[in-house]
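The figures here come from the full heavy-atom set of this structure, side chains too, leaving out hydrogens, waters and symmetry mates.
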Amino acid sequence: MTLEADKLISLATAVIDTEINAVNALRDRIDATFVKACEYLLACEGRIVVIGMGKSGHIGGKLAATLASTGSPAFFVHPGEASHGDLGMITSNDVVIALSNSGETSEILTILPLIKRLGVPLIALTGRPHSTLAECASAHIDVSVEKEACPLGLAPTSSTTATLVMGDALAIALLEAKGFTAEDFALSHPGGNLGRRLLLHVRDIMHKDAAIPKIHESALLGDALIEMSNKSLGMTAVVNDSDQLTGIFTDGDLRRVLSQTVDIRTAKLSEHMTKNCKTGQPDMLAAEALALMEKHKINGLLIINSEQQLVGALNMHDLLRAGVV
């Protein structure tokens, strides 16, 4: 390894150590003021409006997105645009979160009187507790850092990281306080993998009606093989006269039969099927069905109703196609 490579690694490690120290320092600032800020946000009847300039603006955009996706309606407003009309996006039912490391960002200070006139709570995250913005805030959270990770002490690095982490702390505290659930989260992420896992139910992807492989318990093994071949799910359900499930015959059962001296043309299905098989319900989440199949190392699952009647079937390929796996 060259000396230049050693230096690069040393510099990078120093940056990480500096930012870790900045984040650790935030622990002591989770206090009554933090609680007060959360109370303002929880009482918000409108939306949370996040403002910030430059790098603080980028952090503000991320904070607004995190809040919105965790059950607290929020959006970002550029303070420079706010004084040219966008301030009309803020209503008297909202709460404003202002981000500024110096607490003296001119674009934010320009619109402070207008925010005050609306009478909305102002939560400020700054690195200077005695700055103008901090003094005007309804609740001020100190996100100051000992030093920036930038060796010149100029580029916002540790300060933006500290603000980002404190913003996440606010968002997750609100999430917990509101009882926001994983399914609530999925409702705002319907196009993502989490949405598919948490919103998709077995009834949405299972094979139904004539597509279900099933055969009567009085049938022969040969009849079961024909049904399995026709439906191509690697299994067939076994039912009684009331269409209630009494067992399952799978590819694995077939391999066990073939290892014995059994005549599949004359052998009774009931003597070789698997009884007391694992089943699912139509209203269970597809992700739950996947977990059940993985736990018991099975590739297919039969779906029954409350009367033990067969209503559907699915296999691992169905879950793959649905994007659940």
Colleague: Find out whether Leu174 and Leu42 are in side-chain contact, i.e. whether some heavy atom of one side chain is under 4.5 Å from a heavy atom of the other.
Modeller: yes
Colleague: Tell me the closest heavy-atom pair linking Pro121 and Asp94, and the distance in Å.
Modeller: CD-O, 3.6 Å
Colleague: Quick one: which residue pairs count as a side chain to side chain donor-acceptor pair (under 3.5 Å) with a foot in residues 57-67, not counting sequence neighbours?
Modeller: Lys62-Thr66, Lys62-Asp168
Colleague: Any chance you could measure Leu11, atom CG, to Ile16, atom CD1, to the nearest 0.5 Å?
Modeller: 11.5 Å
Colleague: With a 4.5 Å cut-off on side-chain heavy atoms, are Val49 and Val120 touching?
Modeller: no
Colleague: Grouping I, L, V, M, F, W and Y whenever their side-chain heavy atoms are under 4.5 Å apart, do Leu200 and Met293 come out in a common cluster?
Modeller: yes
Colleague: Heavy-atom distance under 4.5 Å between the side chains of Val202 and Glu288, does that happen here?
Modeller: no
Colleague: Is it true that atom NE2 of His296 has more than 12 heavy atoms of other residues, nucleotides or ligands lying nearer than 6.0 Å?
Modeller: yes
Colleague: Can you name the closest pair of heavy atoms from Ser72 and Ile48 and give their distance?
Modeller: CB-CD1, 3.8 Å
Colleague: Which residue pairs pass the side chain to side chain donor-acceptor pair (under 3.5 Å) test when at least one of the two sits in residues 112-127, sequence neighbours left out?
Modeller: Thr126-His140
Colleague: Would you call Met166 and Ile30 a side-chain contact if the rule is heavy atoms closer than 4.5 Å?
Modeller: yes
Colleague: Do Met228 and Val262 sit in the same hydrophobic cluster, where Ile, Leu, Val, Met, Phe, Trp and Tyr count as joined when their side-chain heavy atoms come under 4.5 Å apart?
Modeller: yes
Colleague: Tell me every residue that passes side-chain contact (heavy atoms from CB on, under 4.5 Å) with Gln309, counting only those two or more places apart in sequence or in another chain.
Modeller: Gln244, Asn305, Glu307
Colleague: Are Phe34 and Leu164 co-members of a hydrophobic cluster defined by side-chain heavy atoms under 4.5 Å apart?
Modeller: yes
Colleague: Are side-chain N/O atoms of Glu104 and Ser131 paired as donor and acceptor at under 3.5 Å?
Modeller: no
Colleague: Which residues pass the side-chain contact (heavy atoms from CB on, under 4.5 Å) test with Leu112, sequence neighbours left out?
Modeller: Leu109, Leu122, Leu133, Cys136
Colleague: At what distance, to the nearest 0.5 angstrom, does CD1 of Ile108 lie from CD1 of Ile51?
Modeller: 4.5 Å
Colleague: Test your reading of the model: is there a side-chain donor-acceptor pair from Ser10 to the backbone of Asp6, 3.5 Å cut-off?
Modeller: no
Colleague: Of the non-hydrogen atoms in Gly61 and Phe76, which two are nearest, and what is the gap between them?
Modeller: N-CD1, 3.7 Å
Colleague: Looking only at heavy atoms, which two atoms of Met89 and Arg47 are closest? And how far apart?
Modeller: O-NH2, 3.3 Å
Colleague: What closest approach, in Å, do Met206 and Gly312 show between heavy atoms, and which atom pair accounts for it?
Modeller: SD-CA, 3.8 Å
Colleague: Can you tell me how far the CG atom of Leu292 sits from the CG atom of Leu285, to the nearest 0.5 Å?
Modeller: 12.5 Å
Colleague: Rounded to the nearest 0.5 Å, what separates atom OG in Ser144 from atom CG in Leu26?
Modeller: 8.5 Å
Colleague: Can you sort out the partners of Thr274 under side-chain hydrogen bond (donor to acceptor under 3.5 Å, both in side chains), two or more places apart, ordered by chain and number?
Modeller: Asp253
Colleague: Atom CG of residue position Asn230 - does it have more than 12 heavy atoms of other residues, nucleotides or ligands inside 6.0 Å?
Modeller: yes
Colleague: Please, which pairs that meet salt bridge (charged side-chain N to carboxylate O under 4.0 Å, His left out) have at least one residue in residues 261-287, sequence neighbours excluded?
Modeller: Arg203-Asp283, Asp263-Arg265
Colleague: May I ask you to test the Thr157-Val15 pair for a side-chain heavy-atom distance under 4.5 Å?
Modeller: no
Colleague: Looking at every heavy atom in both Val145 and Ala162, which two are closest together, and how far apart are they?
Modeller: CG1-CB, 3.8 Å
Colleague: With a 4.5 Å cut-off on side-chain heavy-atom distances among I, L, V, M, F, W and Y, is there a chain of contacts connecting Val311 to Leu302?
Modeller: no
Colleague: Write out all pairs satisfying side chain to side chain donor-acceptor pair (under 3.5 Å) with one or both partners inside residues 11-39, taking only residues at least two apart or from two chains.
Modeller: Glu19-Thr161
Colleague: Taking side-chain contact (heavy atoms from CB on, under 4.5 Å) as the test, write out the residues that go with Asp318, two or more places apart.
Modeller: His207, Leu233, Leu314, Asn315, Arg321
Colleague: May I have all residue pairs that pass salt bridge (charged side-chain N to carboxylate O under 4.0 Å, His left out) and include part of residues 119-134, sequence neighbours excluded?
Modeller: none
Colleague: According to a hydrophobic-cluster definition based on side-chain heavy atoms being under 4.5 Å apart (Ile, Leu, Val, Met, Phe, Trp, Tyr only), do Leu225 and Met235 belong together?
Modeller: no
Colleague: Taking the side chain as every heavy atom from C-beta outward, state whether Met316 and Ile298 have any atom pair closer than 4.5 Å.
Modeller: no
Colleague: Quick one: does Ser158's side chain have a donor or acceptor within less than 3.5 Å of a partner on Lys147's backbone?
Modeller: yes
Colleague: Without hydrogens or angle criteria, can the side chains of Asn93 and Thr91 be said to hold a donor-acceptor pair below 3.5 Å?
Modeller: no
Colleague: How long is the straight-line distance from CG of Asp243 back to CD of Gln308, given to the nearest 0.5 Å?
Modeller: 12.0 Å
Colleague: Could you state the interatomic distance from CZ (Phe75) to CD1 (Ile90), rounded to the nearest 0.5 Å?
Modeller: 6.5 Å
Colleague: Please name all residues satisfying side-chain hydrogen bond (donor to acceptor under 3.5 Å, both in side chains) with Ser56, sequence neighbours left out, ordered by chain then number.
Modeller: none
Colleague: Please walk me through it: do Phe249 and Ile215 pass side chain to side chain contact (heavy atoms under 4.5 Å, CB included)?
Modeller: CA-CA 10 Å; Phe249 189 79; Ile215 195 164; over 6 Å; no
Colleague: So with a 6.0 Å cut-off around CD of Glu146, is the heavy-atom count from everything else above 12?
Modeller: no
Colleague: Does the side chain of Leu269 come within less than 4.5 Å of Asp223's, by heavy atoms?
Modeller: no
Colleague: Is any side-chain heavy atom of Leu170 closer than 4.5 Å to one of Ile141?
Modeller: yes
Colleague: Show me the pairs that pass salt bridge (charged side-chain N to carboxylate O under 4.0 Å, His left out) and involve residues 226-242, at least two apart or across chains.
Modeller: Glu227-Lys231
Colleague: When Asn101 is tested against each of Met53, Lys55, Glu148 for side-chain contact (heavy atoms from CB on, under 4.5 Å), which residue passes?
Modeller: Glu148
Colleague: Applying side-chain contact (heavy atoms from CB on, under 4.5 Å), name anything that partners Thr246, two or more places apart in sequence or on another chain.
Modeller: Glu217, Val238, Asn240, Met273
